[in-house]
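A short write-up of the structure that comes next.
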Amino acid sequence: MKMIEPNNKRLMAALLPLMLLGALNLTHAWQDAKSGYEFMTPESRAMQDDDFENPGMLTVDEGQTLFITTAKNEMTCGSCHGDDGSKLDIERITQYPVYSETLKKPITLRNQIHICWNERLQNPPMKKYNDPRAIALETFVRHQAHGKPVNVDIDGPLKPYYEAGKAFYNRRAGQLDMACTHCHSYFPGSKLRAQTLSQGHSNGFPTYRLANSKVNGLHERFRQCQHQFRAKALKAGSDDYVNLELYINAIGKGLEIETPAVRY
Ligand code: HEC
Ligand code: HEC
């Protein structure tokens, strides 16, 4: 374990009680999944609920524009899915990550968007999983499923990937020797500096974060949390993060999709 730098002292002071309790190896502490929405202030909830106030709606609009932008092959996303997305399979959207028979592994909603972008529009591939265009398209697409319950299915071929995600979630890592579970299953409702810890669900993603004033994808949020407990952040789109996404969708199964949610 490396020396804690002095400028981390305040963070350490905030985390110490959590770490000590974490060391007791408490079991998973909550029974009912609660959306991050329930841990936000009334002001932030009101902001999320009002389409004109919710800053994430601008990203939905950007996604809508990209959705009907003509590619070199003269097609748009809308050619197959309806210009307003009305021909998208909403039920299917709630089930991602799903198992791809072609790739023989789980794919996220974002992966599906990249696949359609590359193969169906024959656009030059986006270099990054987290390309802002992919985030905007995902925000638009998932917003179509607003209010529908998260409905991932882990009983079939996805089971081992779910198990891998679960192991990752519970594995201690980094300079502070913490795991995701320490903050998000033992301490929802507690304050960590100015923020109230939630159960760390995915139903609001992509979410507008007040902290960085932009819409963030789920894997970006994973990276931000890993930085927070001084663990090495992985690449967005990596297999470990896809497995983690699967696990988090599974523990939040049934929560209503809130995309774009407003979070701290
Ligand atoms: C040529 C037709 C075509 C185009 C163009 C196309 N898609 Fe698809 N898309 C499909 C098909 C077919 C599926 C069903 C899954 C599969 O077979 O891969 C699908 C699946 C999806 C899904 C999963 C939900 C569903 O309805 O199954 C999303 C989201 C999606 N596409 C987004 C996009 C986006 C965003 C674009 C533009 C970048 C796009 N698609 C362009 C044909 C298309
Ligand atoms: C040191 C405590 C801590 C640890 C450990 C931690 N997080 Fe977080 N996480 C936070 C805080 C603080 C927030 C912002 C408030 C909230 O929603 O809990 C957050 C938010 C989130 C959110 C967004 C929830 C929402 O409703 O938008 C997700 C998802 C998440 N974390 C996943 C993870 C994952 C996965 C790990 C492990 C890789 C992890 N976190 C580890 C502190 C932590």
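Just follow the structure's listing: the first ligand is 1, and inside any ligand the first atom is 1.
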Does ligand 1 have an atom that lies less than 4.0 angstrom from a heavy atom of Thr76?
yes
Under 4.0 Å, counting heavy atoms only: does Arg221 come that close to any atom of ligand 2?
yes
Among Phe229, Phe39, Phe168, which one puts a heavy atom closest to atom 5 (C) of ligand 2?
Phe229
Look at the N, O or S atoms of His81, main chain and side chain alike, and state whether any lies under 2.8 Å from atom 8 (Fe) of ligand 1.
yes
Thr196 contact mode with ligand 2 (heavy-atom cut-off under 4.0 Å):
backbone
Counting each atom of ligand 1 from 1 as listed, which ones have a heavy atom of Leu121 under 4.0 Å away?
5 (C), 37 (C), 38 (C)
With nothing but distance in play, are any N or O atoms of Gln226 less than 3.5 Å from an N or O of ligand 2?
no
Heteroatom test (N, O or S) for His184 near atom 8 (Fe) of ligand 2, limit 2.8 Å:
yes
Suppose we only count N/O/S atoms under 2.8 Å; would Cys225 qualify as near atom 8 (Fe) of ligand 2?
yes
Close approach, Thr181 and ligand 2, non-hydrogen under 4.0 angstrom:
no
Short N/O distance, under 3.5 Å, between Ser198 and ligand 2?
yes
Please compare Asp89, Thr102, Ile115 and report which has the shortest non-hydrogen distance to atom 26 (O) of ligand 1.
Asp89
Ligand 2 contact on Gln228 by region, counting heavy-atom pairs under 4.0 Å
side chain
Please confirm whether Tyr96 approaches ligand 1 to less than 4.0 Å, judged on its heavy atoms.
yes
Shortest heavy-atom approach to atom 24 (C) of ligand 1 - which of Asn111, Val98, Ile93, Ile90:
Ile93
Could you establish whether Tyr264 and ligand 2 come within less than 4.0 Å of each other, counting only heavy atoms on the residue side?
no
the protein heavy atom lying closest to atom 38 (C) of ligand 1 turns out to be Cys77 SG, 2.7 Å
Quick one: does ligand 2 sit under 4.0 Å from the side chain of Leu244, the backbone, both or neither, non-hydrogen atoms only?
side chain
Do the side chains of Lys214 and Thr59 get nearer than 4.5 Å, heavy atoms only?
no
How about atom 14 (C) of ligand 1: does it have a protein heavy atom within less than 4.0 Å?
no
Name the closest protein heavy atom to atom 42 (C) of ligand 1, giving the residue it belongs to and the distance to 0.1 Å.
Arg120 CD, 3.2 Å
Record the part of Phe205 in heavy-atom contact with ligand 2 below 4.0 Å; permitted values are side chain, backbone, both and neither.
side chain
Would a 4.5 Å heavy-atom cut-off, applied to side chains only, mark Leu210 and Val262 as touching?
yes
How about Ser238 and Asp240: does a side-chain donor come under 3.5 Å of a side-chain acceptor?
no
Just wondering, is there an N, O or S atom on Cys80 that's nearer than 2.8 Å to atom 8 (Fe) of ligand 1?
no
Check the angle between the aromatic planes of His81 and Phe67 and answer parallel, tilted or perpendicular using the 30° and 60° thresholds.
tilted
Check whether NZ of the Lys or CZ of the Arg Arg142 lies under 6.0 Å from the centre of the six-membered ring of Phe205 and within 45 degrees of that ring's axis.
no
In terms of relative ring orientation, are Phe222 and Tyr241 parallel, tilted or perpendicular, with 30° and 60° separating the classes?
perpendicular
Over 60° means perpendicular and under 30° means parallel, so tell me whether Tyr169 and Tyr247 are parallel, tilted or perpendicular.
tilted
Given side chains that start at C-beta, do those of Val215 and Val60 come closer than 4.5 Å, heavy atoms only?
no
Are Glu138 and Tyr96 close enough that a side-chain donor and a side-chain acceptor fall under 3.5 Å?
no
Using a 4.0 Å heavy-atom cut-off, which part of Ala231 comes near ligand 2: side chain, backbone, both, or neither?
neither
In Arg223, Arg110, His219, the residue satisfying side-chain hydrogen bond (donor to acceptor under 3.5 Å, both in side chains) with Asn130 is Arg110
Does Ala179 come within less than 4.0 Å of ligand 2, judged by its heavy atoms?
yes
Considering non-hydrogen atoms of the protein only, which is the closest contact for atom 39 (C) of ligand 1, and what is the distance?
Cys116 CB, 3.2 Å
Give a yes/no verdict on whether any heavy atom in Ile248 is under 4.0 Å from an atom of ligand 2.
yes
At a 4.0 Å threshold, what atoms of ligand 1 neighbour a non-hydrogen atom of Leu109?
29 (C)
Shortest protein heavy-atom distance from atom 22 (C) of ligand 1, along with the residue and atom involved:
Gln112 CG, 3.5 Å
What's the shortest distance from atom 29 (C) of ligand 1 to any protein heavy atom, and which residue and atom give it?
Val141 CG1, 3.4 Å
Whether the Arg120 and Asn73 side chains hold a donor-acceptor pair (N or O, under 3.5 Å, no angle test) is what I'd like checked.
no
